[in-house]
Asker: 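Please find one structure pasted underneath; my questions will follow.
These figures come from a predicted structure and were not determined experimentally. Start at 1 and go down the list; that is how both ligands and their atoms are numbered.
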Amino acid sequence: MKIMSGNANLPLARAIAGYLETPMTDVSVRRFADEEIFVEIHENVRGEDVFVVQSTSFPANDNLMELLICIDALKRASARRITAVVPYFGYARQDRKPGPRTPISAKLVADLITRAGADRVLSVDLHAGQIQGFFDIPTDNLYAAPAMAADIQARYGDQDLMVVSPDVGGVVRARALAKRLENAPLAIVDKRRDRPGESEVMNIIGEVEGRHCILIDDIIDSGGTLCNAAQALLDQGAKSVAAYITHGVLSGGAVAKVSGSALTELVITDTIRATDAARDSDKIRILSIATLIGEAIRRIADESSVSSLFD
Ligand code: R5P
């Protein structure tokens, strides 16, 4: 087995390689003067089972292109099997046509990865489970929920908890977390969004008064959804609100928005490399899921069960 990485999230790739006690494959991923990407693998990969770790996070298009070119280099170097390990799958929110004459970019990206030569895909908390079906190759979708549940038990286990989905689309994810927290009660924020990047909280379904609320979502991008939901929960009498979000996209002024929000803390995983601002924020904590991804890779390489990781 070989672990290779693009430039999107080298600390995560190194942590995965460390868990697997496997040295990182010696590769250069560089730019020509005109910003074209060039990849050179400095060791033999012929016949190898290679895992390329690359989140397609900001800058999404550059990181996607790096991933595609890494896969192409591996294919042409006769790797036996190539797994695209894409902890954060960018473009996932474009998974359907929101109106006439619009693209389904998540499907296009899935096609690009497949066409480049990937044999398998491994991702974490895909925005929608059905994105697995956009790939015509085996696709494993890992869940951060067990790691989050363990952290919540350790930090907030002695409190009167309520799991909250910040929108109707996240109810399945929130219910799964609540189940892991000894069937904690569930509330839902009824969110309406008029324009991308702007959210407006309409209503809260569930009795949150006196509860310590745990908001769970797959993505925090502008932070609008989360910060509005936190404020709405407090307005309804919640005692406190913390948030657990798998992918810390944190665009624009999101870190400042979180710092100035009513949240007690925001916990994100390391699927996306945190910016300095996110690392320095005393409201943001990073939970590593490198061991989860490493263990899934080990099981894929050994051809043993990945789903049993979540039993
Ligand atoms: C939407 O369906 C996602 O699950 C997130 O709620 C959304 O992407 C968060 O975006 P923002 O932080 O910009 O409100």
Side-chain angles (χ1 to χ4, degrees), residues 55-60 86-99 102-107 109 123-132 134 141-145 148 163-178 186-205 213-233 241-263 265-269 271-272 274-275 277-278 281 283-286:
S55 278
T56 50
S57 50
F58 177 86
V86 191
Y88 171 66
F89 182 72
Y91 282 99
R93 286 172 285 178
Q94 297 185 48
D95 59 351
R96 62 190 174 283
K97 287 182 71 164
T102 53
I104 304 181
S105 307
K107 168 66 175 149
V109 171
S123 191
V124 181
D125 280 336
L126 282 167
H127 178 60
Q130 58 270 27
I131 291 173
Q132 279 179 297
F134 289 5
N141 184 23
L142 306 180
Y143 305 103
M148 289 178 173
V163 175
V164 183
S165 173
D167 55 28
V168 176
V171 173
V172 172
R173 185 177 298 113
R175 194 180 295 126
L177 181 72
L186 191 66
I188 301 162
V189 179
D190 174 29
K191 176 187 83 172
R192 297 274 190 280
R193 192 193 286 277
D194 293 334
R195 256 160 277 141
E198 285 178 25
S199 76
E200 187 190 345
V201 172
M202 301 298 286
N203 212 348
I204 290 175
I205 305 163
C213 294
I214 304 286
L215 276 161
I216 173 161
D217 208 351
D218 60 330
I219 295 171
I220 174 168
D221 190 347
S222 67
T225 302
L226 201 63
C227 296
N228 290 351
Q231 191 54 56
L233 290 166
V241 186
Y244 282 72
I245 313 286
T246 308
H247 308 295
V249 174
L250 294 168
S251 307
V255 171
K257 193 179 275 179
V258 167
S259 301
S261 75
L263 287 166
E265 74 167 344
L266 163 65
V267 180
I268 52 175
T269 77
T271 56
I272 295 176
T275 59
S281 165
K283 271 218 180 154
I284 300 179
R285 188 156 58 85
I286 299 166

Asker: Show the atoms of ligand 1 that are less than 4.0 angstrom away from any heavy atom in Asp221.
Answerer: 10 (O), 11 (P), 12 (O), 13 (O)
Asker: Any heavy atom of Gly169 sitting closer than 4.0 Å to ligand 1?
Answerer: no
Asker: Run the numbers for me: atoms of ligand 1, each under 4.0 Å from some heavy atom of His127, listed by number.
Answerer: 1 (C), 2 (O), 3 (C), 4 (O)
Asker: Between Thr275 and Ala278, is there a donor-acceptor pair closer than 3.5 Å when you use the side chain of the first and the backbone of the second?
Answerer: yes
Asker: Atom OG in Ser123, atom CG in Leu142: separation rounded to 0.5 Å?
Answerer: 7.5 Å
Asker: Could you give the distance from CD1 (Ile268) to OH (Tyr244), rounded to the nearest 0.5 Å?
Answerer: 12.5 Å
Asker: Dump the intermediate steps for side-chain contact (heavy atoms from CB on, under 4.5 Å) on Leu266 and Lys283, then the final yes or no.
Answerer: CA-CA 6 Å; Leu266 163 65; Lys283 271 218 180 154; 5.7 Å; no
Asker: What atoms in ligand 1 come closer than 4.0 Å to a heavy atom of Thr225?
Answerer: 6 (O), 9 (C), 10 (O), 11 (P), 14 (O)
Asker: Should the proximity of Asp217 to ligand 1, defined as any heavy atom under 4.0 Å, be assigned to the side chain, the backbone, both, or neither?
Answerer: side chain
Asker: Check each atom of ligand 1 against the heavy atoms of Gly223 and keep those under 4.0 Å away; list them by number with element.
Answerer: 11 (P), 12 (O), 13 (O)
Asker: Show me which atoms of ligand 1 lie under 4.0 Å from any heavy atom of Asp167.
Answerer: 1 (C), 2 (O), 6 (O)
Asker: Given 3.5 Å as the limit, does a donor-acceptor pair link the side chain of Ser261 with the main chain of Cys227, or not?
Answerer: no
Asker: With Arg96, which residues qualify under salt bridge (Lys or Arg N to Asp or Glu O under 4.0 Å), at least two apart?
Answerer: none
